[in-house]
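Values below: every heavy atom of this structure, side chains too, minus hydrogens, waters and symmetry copies. Computed from a prediction, not measured in an experiment: that's the story for all the values here. Numbers for residues simply follow the sequence, beginning at 1.
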Amino acid sequence: MDLFESSRVTELETLIKKYQASYYNGEAEISDAEFDKLWDELKAIDPKNPVLQKVGADSGNFAKVRHVMPMGSQEKAANPEEFLEWTLKHKYDQYLVEYKLDGASLELQYENGNLVRAVTRGDGEIGDDITANARKMGGVQAAIYVDGVKQDFTGGIRGEVIMTHQVHKEHFSDKANCRNAANGLMKRKDGNGSEYLKLITYDALATSGNAPFNNEEGKIRWLRSAGFETSPLCFCKSPEEVIKYREYVMEQRKTLEYDIDGLVIKEQKIDLDDAFRARPDRQIAFKFSLEEAVSVLREVEWSISGGTYTPVAIFDEVELNGTKVQRASLANPDTMRKLGVQIGSHVVVVKRGEIIPKIMSVVPAKDAVTSPVPFPEKCECCGTKLVDEGSRLFCPNKDCEKRVLHQLLKWQQVVDIRDFGVTLIENLFKDKRLKCISDIYSLSEEELVPYFLKDEAIDKGKESLGAGKVYASIQNHRTMNLSTFLAGFDIEGFGETMAENLINCGFETLEKILSATESQIAACYGFAEITAHTICEGLKEYGEEMRTLVEGGTINLKEVGGGKLAGKSFCFTGELKTMKRQDAEKLVKEAGGSAKSSVTKDLSYLVTNDTESGSSKNVKAQKFGIPIINEEQFLDLIKTTN
């Protein structure tokens, strides 16, 4: 562990202990999701840290009592991917699923069927004795009876103390939420207010005699027969069914009378060895996240980029990770069909990390009134019938004005002809002077002058500095990498990174790429059949112009593998002091390297002036063992390559 990691671990330990203390004493300072981020970061840096094995401590206002059963923290999954990863090591014939109640844990201790103590969670082994308060709560049985017969049960029953939404609204609306209010009331020395709380149970352990149940389902049935309230129990045959049920509960939880913040998944078998671990492994809390929400799809707009029509979902506004969201990408027609999306569908919207919001799935809803999503049929620009290939809906007309203009703008952006601005390109296109990429390099300085000077100034022989600057900039961008050249043609899904992957697979010349078959491209890393098909179609469409530009000497392609940064990749994050990010990326490309927008396992360097920050990119780079360098070190690296 380096110096930065050690410092960050100390900081995380302090924050987690502080927020645990406030949570367990009814004064939570941050949300569960914010706390989970701190916990996950510490787990990623120092997975064996002792703080991860501890629970918070209660106040010192009550007598201390040892638990009958340990009350440690569960393993948790924040999203379906993490849950599926857990199930790879935990394959059950049947998954038992219960609500994860968002309240305060409490253990009821019984001797011969009589309640003798009620103990809070505390540090997981010892908690506060709040028996007098617990006796006032709904759902707490002073003695255990089943069908009128007193039970000779000695052991512990665990549950969650909750406050209903109705009680919170009528009596404690000044409190931030139901959980905080319940935590505060259950630990009042005078016991006032405990009558507004109730206990919902989910676990039991007999410490002597025979247990009145032999599996987890039997345990819940016995608790119910003894008069205890429990949450619903669902049986799922596969991890995928659990994920679907979670989506259903996310939709239903707004109708529940109390708060839940996820699901608890366990096996049918009672595993006492696992239950007595500080952190049980054979069950998991599958949490809801601030990065997920359920909403109702109201309409689908079609975003047009060049000739491609992309569906965008418009739904009732939800909040994801602190941001209000009302729109999300639906990717393409095939994705919509696979999801089964219709107008009126109840949908799961996600926004994880830096990912743009998207629709993940459709939640079955009995009351949903749905209708098919209408598809555009003709290009709004040229009127050509659109082609639905499944993976994309597009205008097939190569000469469609919208497609041509988009390609010209894409070339300027990718090749980075900075002085050749958008407005000038649009005006030249409008005047029919630009119809293809080749036309850019046939422009003369004289032709550009009218776009910078009025007729009166031209008649007086005034020189146009702007025209000269643009002309020079165009001439200075005749030499480029093969990957830049290919990406500039605006072929769907074929950016510089994909082009570099193809080149690295042995297609290191333009001719080899133009001659490649779909199956050859699909066999390369990072490609698939659909992507290969789209790229091959694009290469066929623009192959003639590509050859004309290169063979005619208009564009000079750099030799693949040239440059001292060849094979090296860089990702820039945060503000640079001496240059803009795009200038830094240009330096990398000129030296034969590549620039990436995100941190991946194969990244060579992460460049940031805040090398010790806890940003997601920094944390991911540390996890993958990627060197993190500052701007000065980056510039030194560039200098040594020249």
Side-chain angles (χ1 to χ4, degrees), residues 78-84 236 238-255 263 286 288-321 323-380 385-396 492-493 528-531 533-534:
N79 54 57
E81 293 79 13
E82 290 182 7
F83 171 67
L84 290 173
C236 297
S238 68
E240 290 72 25
E241 277 193 27
V242 174
I243 292 171
K244 279 292 182 186
Y245 179 64
R246 175 176 177 265
E247 293 171 355
Y248 169 77
V249 174
M250 285 172 62
E251 165 74 2
Q252 296 298 313
R253 65 172 169 161
K254 58 179 176 283
T255 67
L263 303 173
F286 192 178
F288 302 140
S289 168
L290 288 178
E291 298 169 336
E292 297 174 281
V294 176
S295 187
V296 178
L297 182 67
R298 298 302 179 186
E299 63 176 302
V300 170
E301 290 182 356
W302 292 86
S303 173
I304 308 169
S305 178
T308 302
Y309 287 64
T310 302
V312 178
I314 313 297
F315 44 83
D316 292 340
E317 187 178 88
V318 292
E319 188 166 309
L320 297 176
N321 212 11
T323 305
K324 293 186 183 302
V325 177
Q326 203 170 7
R327 302 166 63 88
S329 173
L330 281 166
N332 56 54
D334 267 356
T335 297
M336 290 176 59
R337 295 184 186 106
K338 185 177 179 181
L339 289 171
V341 170
Q342 292 198 323
I343 305 300
S345 292
H346 292 227
V347 295
V348 177
V349 189
V350 302
K351 181 186 179 186
R352 296 191 183 122
E354 299 173 5
I355 300 176
I356 297 170
K358 65 178 182 179
I359 304 296
M360 284 297 290
S361 59
V362 173
V363 182
K366 293 180 181 179
D367 59 339
V369 179
T370 62
S371 59
V373 174
F375 277 56
E377 296 180 356
K378 293 183 178 181
C379 174
E380 67 168 23
K385 185 178 180 180
L386 298 179
V387 174
D388 184 354
E389 282 192 343
S391 61
R392 63 181 181 135
L393 181 67
F394 67 99
C395 172
E492 182 78 18
E529 290 183 8
I530 293 175
T531 307
H533 172 73
T534 304

Donor-acceptor pair, Ser329 side chain versus Lys358 backbone, under 3.5 Å?
no
Measure the OG-CE distance between Ser295 and Met250 for me, rounded to the nearest 0.5 Å.
11.0 Å
Closest approach of Ser391 to Pro333 (non-hydrogen atoms, all atoms of both residues):
C-CD, 4.5 Å
Sort and list the pairs that fulfil salt bridge (charged side-chain N to carboxylate O under 4.0 Å, His left out) and have at least one residue in residues 299-313, not counting sequence neighbours.
Glu301-Arg327
How far does CG of Asp334 sit from CD of Glu389, to the nearest 0.5 angstrom?
10.0 Å
Please tabulate, for side-chain N and O atoms in residues 369-377, each donor-acceptor pair with protein atoms closer than 3.5 Å (sequence neighbours left out).
{"from": "Thr370", "atom 1": "OG1", "to": "Gln342", "atom 2": "OE1", "distance (Å)": "2.9"}

For residues Leu84 and Glu240, determine if any side-chain heavy atom of one lies less than 4.5 Å from a side-chain heavy atom of the other.
yes
May I ask you to test the Asp316-Arg298 pair for a side-chain heavy-atom distance under 4.5 Å?
yes
Contacts of Tyr248 meeting ring-ring contact (aromatic ring centres under 6.0 Å, His included) (sequence neighbours excluded), chain-then-number -> none
What's the separation between atom SG in Cys379 and atom CD1 in Ile304, rounded to the nearest 0.5 Å?
7.0 Å
Compute whether any side-chain donor of one residue and acceptor of the other, for Glu492 and Thr308, lie under 3.5 angstrom apart.
yes
Are Glu241 and Lys244 ion-paired here, with the side-chain N under 4.0 Å from a carboxylate O?
no
Side chain to side chain contact (heavy atoms under 4.5 Å, CB included) between Leu330 and Ile359, worked out
CA-CA 6 Å; Leu330 281 166; Ile359 304 296; 3.6 Å; yes
Against Phe315, only a single residue in Val296, Val349, Val300 fulfils side-chain contact (heavy atoms from CB on, under 4.5 Å); can you say which?
Val349
Check the pair Phe288 / Arg253 against side chain to side chain contact (heavy atoms under 4.5 Å, CB included), numbers first and verdict last.
CA-CA 11 Å; Phe288 302 140; Arg253 65 172 169 161; 3.2 Å; yes
What do the steps show when you test Thr534 against Arg392 for side chain to side chain contact (heavy atoms under 4.5 Å, CB included), and what is the final call?
CA-CA 9 Å; Thr534 304; Arg392 63 181 181 135; 3.8 Å; yes
Hey, what do you get for CD1 (Ile343) to CG (Leu297), rounding to the nearest 0.5 Å?
4.5 Å
With a sphere of 6.0 Å drawn around CD of Gln252, does it hold more than 12 non-hydrogen atoms of other residues, nucleotides or ligands?
yes
Can you tell me how far apart NE2 (His346) and CD (Glu247) are? Round to the nearest 0.5 Å.
13.5 Å
Kindly compute the distance separating CZ (Phe394) from CG (Asp388), expressed to the nearest 0.5 Å.
9.5 Å
